[in-house]
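The basis for the numbers below is simple: all heavy atoms, side chains too, and nothing from hydrogens, waters or symmetry mates.
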Amino acid sequence: MYACAKFVSTPSLVRAGSRALYRPLSAAVVLDARKGDTASLLAPQSLVASQQQVAVRGFQTSAVSRDIDTAAKFIGAGAATVGVAGSGAGIGTVFGSLIIGYARNPSLKQQLFSYAILGFALSEAMGLFCLMVAFLILFAM
């Protein structure tokens, strides 16, 4: 099997194949458009087919670049979800203050409760905004 692999992957074949893959897609398309029909007259069919194959391939990024982008997304989403913990602390503070205020002056129960609900809603909204930004970082970019 090793001898067969050595026979098939000669250095000249590897160099020719890697040159075609390193060439950017735009260069392959422009090159094919300039050559037009003269390429099919001058070059053998296998060379023309390999150039067309290069022109058809899609945009590719390297695995390292995709790994770095994925890691950056996870780090950004984790940093954005820190606000959710702040929202939980804010809600706890609001209702803790409601209990303390009610203990000091029970006659203001209705007014204190309406302020507590307003504080709860604002604190929860900030937590949901942080969670929304985290999901946008993960899935929209």
Side-chain angles (χ1 to χ4, degrees), residues 1-40 42-141:
M1 184 176 256
Y2 176 71
C4 182
K6 261 185 103 168
F7 176 72
V8 170
S9 61
T10 60
S12 62
L13 182 63
V14 170
R15 275 194 302 269
S18 62
R19 243 184 260 128
L21 292 176
Y22 284 145
R23 197 169 54 170
L25 182 64
S26 58
V29 171
V30 170
L31 185 63
D32 285 343
R34 283 187 201 153
K35 284 186 179 179
D37 295 331
T38 59
S40 62
L42 298 176
Q45 290 297 333
S46 63
L47 183 61
V48 173
S50 68
Q51 286 177 351
Q52 288 173 352
Q53 185 179 16
V54 170
V56 171
R57 74 181 170 94
F59 179 72
Q60 296 175 353
T61 58
S62 67
V64 173
S65 175
R66 277 183 274 147
D67 288 344
I68 291 172
D69 291 346
T70 304
K73 280 184 182 183
F74 289 145
I75 291 170
T81 55
V82 170
V84 177
S87 172
I91 291 170
T93 303
V94 165
F95 284 108
S97 298
L98 172 68
I99 292 171
I100 292 172
Y102 182 66
R104 287 187 178 182
N105 194 354
S107 64
L108 293 176
K109 177 182 177 182
Q110 189 61 35
Q111 187 178 5
L112 289 175
F113 187 73
S114 64
Y115 288 153
I117 293 299
L118 180 65
F120 166 75
L122 292 176
S123 205
E124 186 70 21
M126 296 315 290
L128 290 176
F129 289 149
C130 292
L131 196 61
M132 180 189 67
V133 167
F135 282 132
L136 284 174
I137 290 171
L138 280 178
F139 299 114
M141 293 183 178

Report yes if some heavy atom in the side chain of Phe74 is under 4.5 Å from a heavy atom in the side chain of Thr70; otherwise report no.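 A side-chain contact exists here, since the closest heavy-atom pair is under 4.5 Å.
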
If you look at every heavy atom in [X] and [Y], which pair is closest and at what distance?
X: Ala134; Y: Thr81; answer: CB-CG2, 3.6 Å
X: Ala80; Y: Val133; answer: CB-CG1, 4.1 Å
X: Val94; Y: Ala116; answer: CG1-O, 3.3 Å

Expected output: side-chain Ser123 to main-chain Phe120 donor-acceptor under 3.5 Å: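 Pair absent, no side-chain N/O of Ser123 close to backbone of Phe120.
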
Spacing of [X] atom [atom1] and [Y] atom [atom2] [to the nearest 0.5 Å]:
X: Thr93; Y: Ile100; atom1: OG1; atom2: CD1; answer: 10.0 Å
X: Phe95; Y: Ile117; atom1: CZ; atom2: CD1; answer: 4.5 Å
X: Gln110; Y: Tyr115; atom1: CD; atom2: OH; answer: 11.5 Å
X: Met126; Y: Leu128; atom1: CE; atom2: CG; answer: 10.5 Å
X: Ile75; Y: Ile137; atom1: CD1; atom2: CD1; answer: 11.5 Å

